[in-house]
J.: 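First the structure, which I've put down as structure tokens, then a few questions once you've had a look.
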Protein chains: 2
Amino acid sequence: MTIPRAAKTLRRTRIQEEKEEQILEAALDVFSASGFRGSTIDQIAEVAGMSKPNLLYYFRTKEAMHRALIDRVLYTWLEPLRAFDAEGNPEEEIRSYIRRKLEMARDFPRESRLFANEVLQGAPHIEDELKGPLKELVDEKAEVIRAWAKAGKIVKCDPYHLIFSIWSTTQHYADFDVQVRAVLGQEHSGDGRFEDAARFLEQLFIGGLRPDPIGT
Amino acid sequence: MTIPRAAKTLRRTRIQEEKEEQILEAALDVFSASGFRGSTIDQIAEVAGMSKPNLLYYFRTKEAMHRALIDRVLYTWLEPLRAFDAEGNPEEEIRSYIRRKLEMARDFPRESRLFANEVLQGAPHIEDELKGPLKELVDEKAEVIRAWAKAGKIVKCDPYHLIFSIWSTTQHYADFDVQVRAVLGQEHSGDGRFEDAARFLEQLFIGGLRPDPIGT
DNA sequence: GGATAATTTGACCGATTGGTAAACATTACA
DNA sequence: TGTAATGTTTACCAATCGGTCAAATTATCC
């Protein structure tokens, strides 16, 4: 007699490990490309190379798959912001935050699009994460930035909108990739666009945040 | 005997005018919230307050509705960039471009999300518009910016990435609205966030683009 | 007012959706 | 090696999908 579904066993088997990995990889492909509602279990099953019921043996519902995927990716996704160091040199911290975020847009565009799709469609599945862990992390780092501004190390500015602007400019290269490529044309659509973007964004943010020469 | 479908008549009736308007309004609601694949004709019909066959009398397919919607919205959407004036004062042109884009994010968030959804999911329906009219417009304005830089009116920078960064930072407030609200918390989620954003972005871009005091 | 064209709807279609039941196959472990 | 738990598949389900059809209703114009 079979116990209804996977994950009921106390110990995870090797097969469970492998198949869940395989499924989440496929789910990332599909969800990031079509959003939750636009994706189908059949698509994911095909990409994962297994039958639909087999996939549903590991994740009971489409929502469960999405949930597991979000959980797995979210922590990693916030890593660059977490690395933001209050003790470091402001200019260097911001520069390296931009660089890291840009590297993630280049190396993990599917993860970026997964969240973009989710947030764009009203974040029905991650509202709690946004209002909880994300807000707390941003609040903490905003305080760091505010302190830098107060100490005259950078210009006085709204730290939240500064963070938003770094998020949006960097993630743009993952989320709006096809538009960026279309506008730049074939000749500038190689990986060089990320270096150009990095150069421009550092110039913009470092220049834009440099403290006023005359204190006020 | 009925001629198969609407729009076959040479003269558009009053009813056609009204109903098509009504449908596109509903379609904007639904498509912008769920993307093309995630939206259903039934949803749109319900929002539009009419039966599904009636809706399909005016637009033969879901794609036709989407197409009509995109066409109607695209021209308006590019208006701010078109207004970018080569003869104007660079600082003032950039400032007002940011302000205009931010106003559009505030006043027409559905339009912004419509495009965001489309581009995010690979732009399957607007590839031609991106590579054609959009690219041409951006090329033209990039040349203006390049000339300003050459003349020392603004700092030397990549004009394409400058435009991208204005797009991304401003549209962020429409496309990622729920995230912005979640992070800012209830107390800062009123319309005031657009004024704060405007202030910050002007500071960032004007400061970041100010020409080097020492030439070269 | 009546003919004609335009509009609207309920009933329906085949395909696809998320998900299930149960038989079958494989693995782990004593 | 046997057996119980785990893993996989075929066949299927009701609901929903995009879309059609023919009949009924309404507007238009002479």
Side-chain angles (χ1 to χ4, degrees), chain A residues 1-27 29-31 33-69 121 124-125, chain B residues 1-27 29-31 33-69 121 124-125:
Chain A
M1 179 79 157
T2 292
I3 287 176
R5 299 287 167 176
K8 305 303 148 293
T9 46
L10 297 177
R11 235 164 49 76
R12 291 161 58 84
T13 65
R14 173 186 52 89
I15 293 181
Q16 269 174 40
E17 214 91 44
E18 289 174 7
K19 290 293 163 94
E20 285 176 13
E21 169 65 34
Q22 199 175 333
I23 290 168
L24 290 180
E25 166 68 22
D29 246 49
V30 176
F31 281 135
S34 306
F36 182 77
R37 304 199 45 185
S39 302
T40 72
I41 300 181
D42 298 78
Q43 284 173 13
I44 298 171
E46 191 185 335
V47 173
M50 61 180 82
S51 67
K52 180 168 65 171
N54 194 7
L55 187 152
L56 287 164
Y57 172 74
Y58 292 99
F59 296 94
R60 285 215 276 268
T61 64
K62 188 175 150 184
E63 299 226 354
M65 284 181 38
H66 191 255
R67 170 90 270 154
L69 186 58
Q121 304 190 0
H125 305 97
Chain B
M1 177 77 155
T2 291
I3 287 176
R5 301 286 168 174
K8 307 301 151 295
T9 45
L10 295 178
R11 232 166 49 78
R12 290 162 58 86
T13 65
R14 173 185 53 88
I15 294 181
Q16 270 173 39
E17 214 91 45
E18 287 175 8
K19 290 293 162 101
E20 285 177 13
E21 170 64 34
Q22 199 176 331
I23 290 168
L24 290 180
E25 167 67 21
D29 246 48
V30 176
F31 282 136
S34 306
F36 182 77
R37 304 199 44 185
S39 302
T40 72
I41 299 181
D42 297 79
Q43 283 173 14
I44 298 171
E46 191 185 335
V47 173
M50 61 182 80
S51 66
K52 182 167 64 171
N54 194 7
L55 189 151
L56 286 164
Y57 172 73
Y58 292 99
F59 296 94
R60 284 213 279 269
T61 64
K62 189 175 148 184
E63 300 226 354
M65 285 182 36
H66 193 255
R67 170 89 270 154
L69 187 58
Q121 303 189 3
H125 306 96

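Order of the sequence lines sets the chain letters (A, B, ...), proteins ahead of strands, with each chain counted from 1.
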J.: Can you tabulate the close N/O pairs, meaning under 3.5 Å, that link protein atoms to atoms of nucleotides 15-19 of chain C?
T.:
{"unit_1": "dG18(C)", "atom_1": "OP1", "unit_2": "Ser39(A)", "atom_2": "O", "d": "3.2"}
{"unit_1": "dG18(C)", "atom_1": "OP1", "unit_2": "Lys62(A)", "atom_2": "NZ", "d": "3.1"}
{"unit_1": "dG18(C)", "atom_1": "OP2", "unit_2": "Ile41(A)", "atom_2": "N", "d": "3.0"}
{"unit_1": "dG18(C)", "atom_1": "N7", "unit_2": "Lys52(A)", "atom_2": "NZ", "d": "3.0"}
{"unit_1": "dG19(C)", "atom_1": "OP2", "unit_2": "Lys62(A)", "atom_2": "N", "d": "2.9"}
{"unit_1": "dG19(C)", "atom_1": "N7", "unit_2": "Lys52(A)", "atom_2": "NZ", "d": "3.4"}
{"unit_1": "dG19(C)", "atom_1": "O6", "unit_2": "Lys52(A)", "atom_2": "NZ", "d": "3.3"}

J.: Please enumerate all residues that pass side-chain hydrogen bond (donor to acceptor under 3.5 Å, both in side chains) together with Gln121(A), with sequence neighbours excluded.
T.: Asn117(B)
J.: Give the rounded distance in Å between these two atoms: CZ of Phe59(A) and P of dT20(C).
T.: 15 Å
J.: Who are the salt bridge (Lys or Arg N to Asp or Glu O under 4.0 Å) partners of Glu25(B), not counting sequence neighbours?
T.: Arg110(B)
J.: Please report the distance, rounded to the nearest Å, between CD in Glu46(B) and C1' in dC17(D).
T.: 15 Å
J.: Please check the phosphate of dT9(C) (OP1 and OP2 only) for any side-chain N or O of Asn54(B) closer than 4.0 Å.
T.: yes
J.: The side chain of Tyr58(A) is closest to which nucleotide in this list: dT8(C), dT8(D), dA6(C)?
T.: dT8(D)
J.: Looking at dT8(D), I'd like to know if its phosphate oxygens (OP1 or OP2) sit under 4.0 Å from a side-chain N or O belonging to Ser51(A).
T.: no
J.: List for me each residue that meets salt bridge (Lys or Arg N to Asp or Glu O under 4.0 Å) alongside Lys19(A), sequence neighbours excluded, and say none if there are none.
T.: none
J.: With a cut-off of less than 4.0 Å, is there a side-chain N or O of Lys19(A) near OP1 or OP2 of dT8(D)?
T.: yes
J.: OP1, OP2 of dT6(D) versus side-chain N and O of Gln16(A): anything below 4.0 Å?
T.: no
J.: Got a sec, which residues hit ring pair (Phe, Tyr, Trp, His ring centres under 6.0 Å) with Phe31(A), two or more places apart in sequence or on another chain?
T.: Phe36(A), His66(A)
J.: Find the distance Met50(A):CE to dT6(D):P and express it as a whole number of Å.
T.: 18 Å
J.: Just the rounded figure in Å: distance from P of dG10(C) to CG of Leu55(B).
T.: 15 Å
J.: Holding to salt bridge (Lys or Arg N to Asp or Glu O under 4.0 Å), I want the full list of residues that pass it with Glu46(B), two or more places apart in sequence or in another chain.
T.: none
J.: Measure OH/Tyr57(A) against C1'/dT10(D) and give the value in whole Å, please.
T.: 17 Å
J.: Between atom CD1 of Ile23(B) and atom CE of Met50(B), what is the distance when rounded to the nearest 0.5 Å?
T.: 4.5 Å
